[in-house]
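Notes to accompany the following structure.
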Amino acid sequence: MAVSALCLVFYACVSLLYRVEATSDTLSSLDASFCHGGLKVIYPVLDIDKCLVIPKDPNLRREISTVWKAPKVYFPQAQKGRMYVLVMVDPDAPRRNSPTSAYWRHWLVVDIQGKTLKKGQIEGKVLTEYARPTPPQASGFHRYQFMLYEQHPDAQVTLTEQEKSSCGKWDLQDFIARFDLGEPVATLQFLTQNYED
């Protein structure tokens, strides 16, 4: 029993260390400038509130790619009575210098109520189930971008049959224009690479 307790204490200390290591120090200025608006994405031992590179520790990259489920998403500025659309994409599929499958859709939720989003709960209609970030081996760093849009109250946001058939090569700009979403109210991204690289 004492050994189990000691293991839990060790894991908690390591978890706190991860939170401290998650910094934006190695981002390019272009990647660092993507984030704005105060969006927060919370994984079990990783709080993301600014653009960052997932730390090199292979266990953290492995967990985000193979273990952790959809993160909690907070938007403290969400307005009660308004609805939002959350998009998560990989614009670097299959690799950043040759993104032939961009935008790869990892998560799409519409009709999100502002009052729940303010509390970190995504209550809405899921059009694309959350897919973990899984960059292919030897493909370098991929950006995983979260974009939050305000949804018009009378809009029936859906995917076309063609969009439903594949998450790759998604025309994000067409989707935005189709539903008059405009500019995102908040954006956030993290960079990671395959945990075996």
Side-chain angles (χ1 to χ4, degrees), residues 22 31-52 54 63-65 67-93 99 101-135 142-160 162-192:
D31 286 334
S33 68
F34 178 83
C35 299
H36 77 277
L39 193 62
K40 297 178 184 179
V41 172
I42 312 296
Y43 286 100
V45 295
L46 184 65
D47 296 356
I48 304 171
D49 61 0
K50 61 184 173 191
C51 289
L52 60 83
I54 301 298
E63 288 191 6
I64 203 167
S65 293
V67 178
W68 296 339
K69 295 183 173 138
K72 287 188 174 188
V73 178
Y74 291 88
F75 184 53
Q77 295 85 348
Q79 303 288 316
K80 291 181 180 179
R82 294 199 181 164
M83 292 193 305
Y84 296 86
V85 173
L86 178 69
V87 173
M88 177 187 174
V89 292
D90 174 0
D92 302 321
S101 293
Y103 283 86
W104 193 277
R105 196 173 61 250
H106 277 261
W107 199 15
L108 178 59
V109 187
V110 302
D111 300 338
I112 301 169
Q113 300 298 315
K115 66 182 178 182
T116 59
L117 184 59
K118 202 173 184 72
K119 299 175 187 174
Q121 300 166 347
I122 299 291
E123 291 181 11
K125 182 177 180 183
V126 178
L127 298 184
T128 302
E129 292 289 339
Y130 177 78
R132 296 177 182 106
T134 53
H142 287 236
R143 294 167 290 171
Y144 291 90
Q145 299 178 331
F146 295 82
M147 291 169 269
L148 187 68
Y149 298 89
E150 191 170 323
Q151 180 180 331
H152 294 288
D154 56 347
Q156 299 295 315
V157 181
T158 60
L159 292 172
T160 65
Q162 182 179 357
E163 288 172 319
K164 290 176 188 176
S165 69
S166 173
C167 289
K169 297 184 180 181
W170 186 39
D171 190 341
L172 176 59
Q173 296 310 314
D174 177 68
F175 177 81
I176 292 166
R178 220 166 51 229
F179 299 106
D180 194 24
L181 296 175
E183 293 296 316
V185 294
T187 56
L188 191 64
Q189 77 175 351
F190 63 83
L191 280 71
T192 192

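It should be emphasised that the depicted structure is a prediction, and the values quoted were computed from it without experimental measurement. No hydrogens, no waters, no symmetry mates; every other heavy atom, side chains included, goes into these values.
Across all non-hydrogen atoms, the minimal contact from S166 to G168 is OG-N, 3.1 Å. Shortest non-hydrogen contact noted between L188 and K50 is CD1-N, 3.5 Å. The nearest pair of heavy atoms linking T116 to E123 is CG2-OE1, 3.3 Å. Closest approach of S165 and Q162 over heavy atoms only: OG-O, 2.6 Å. The minimum heavy-atom distance linking G182 with I176 is given by the pair O-CG2, 3.5 Å.
Under a 3.5 Å cut-off, the side chain of T187 and the backbone N or O of F34 do form a donor-acceptor pair. Side chain of S65 to main chain of P133: a donor-acceptor pair is present (N/O by atom type, distance under 3.5 Å, no hydrogens or angles). Under the 3.5 Å distance criterion, the side-chain polar atoms of Y43 are left unmatched by any main-chain donor or acceptor of I48. Between the side chain of K118 and the backbone N or O of P76, at least one donor-acceptor pair lies under 3.5 Å.
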Subject >> Stepwise side-chain contact (heavy atoms from CB on, under 4.5 Å) check, L46 with W68 >> reply: CA-CA 11 Å; L46 184 65; W68 296 339; 4.3 Å; yes

Original post:
Could you go step by step and tell me if L148 and L117 meet the side-chain contact (heavy atoms from CB on, under 4.5 Å) rule?
Top reply: CA-CA 11 Å; L148 187 68; L117 184 59; 3.7 Å; yes

Original post:
Yes or no on side-chain contact (heavy atoms from CB on, under 4.5 Å) for K80 and Q113, after CA distance, side-chain angles and deciding distance?
Top reply: CA-CA 7 Å; K80 291 181 180 179; Q113 300 298 315; over 6 Å; no

**OP:** Walk me through it: do F190 and V41 pass the test side-chain contact (heavy atoms from CB on, under 4.5 Å)?
**Re:** CA-CA 10 Å; F190 63 83; V41 172; 5.5 Å; no

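In this structure, V87 and Y103 have side chains that are not in contact, with every pair of non-hydrogen atoms separated by 4.5 Å or more. Using a 4.5 Å heavy-atom cutoff, the side chains of L108 and V85 are in contact. Within the 4.5 Å cutoff, no side-chain heavy atoms of V109 are placed close to those of V73. Side-chain atoms of Y84 and V185, non-hydrogen and from C-beta on, do get closer than 4.5 Å to each other. With contacts defined as side-chain heavy-atom distances shorter than 4.5 Å, the pair M147/V89 qualifies. H152 places a side-chain heavy atom less than 4.5 Å from the side chain of D180.
Atom CE of residue M83 and atom CD of residue Q151 lie 4.0 Å apart, to the nearest 0.5 angstrom. K119 NZ to I122 CD1: the interatomic distance, rounded to the nearest 0.5 Å, is 13.5 Å. In this structure, CG on L86 lies 7.0 Å from CG on L39, to the nearest 0.5 angstrom. Of the inter-residue distances, the one linking I54 atom CD1 with E63 atom CD reads 11.5 Å to the nearest 0.5 angstrom. A distance of 5.5 Å separates CZ in R178 from OG1 in T160, rounded to the nearest 0.5 Å. Residue T158 holds its OG1 atom at 6.5 Å from NZ of K164, rounded to the nearest 0.5 Å.
By the neighbour-count criterion of 12 heavy atoms within 6.0 Å, atom CD of Q121 is densely surrounded, having more than that number from other residues, nucleotides or ligands.
The pair D92-R143 meets the salt-bridge criterion, with a side-chain N (NZ, NE, NH1 or NH2) lying under 4.0 Å from an Asp/Glu carboxylate O.
Partners of Y130 under the ring-ring contact (aromatic ring centres under 6.0 Å, His included) rule, at least two apart in sequence or in another chain, are W107.
Listed by first and then second residue, the ring pair (Phe, Tyr, Trp, His ring centres under 6.0 Å) pairs that reach into residues 164-183 are W170-F175, F175-F179, sequence neighbours excluded.
Tested against D90 for a side chain to side chain donor-acceptor pair (under 3.5 Å), the candidates R105, Q189, H142 yield a single pass: H142.
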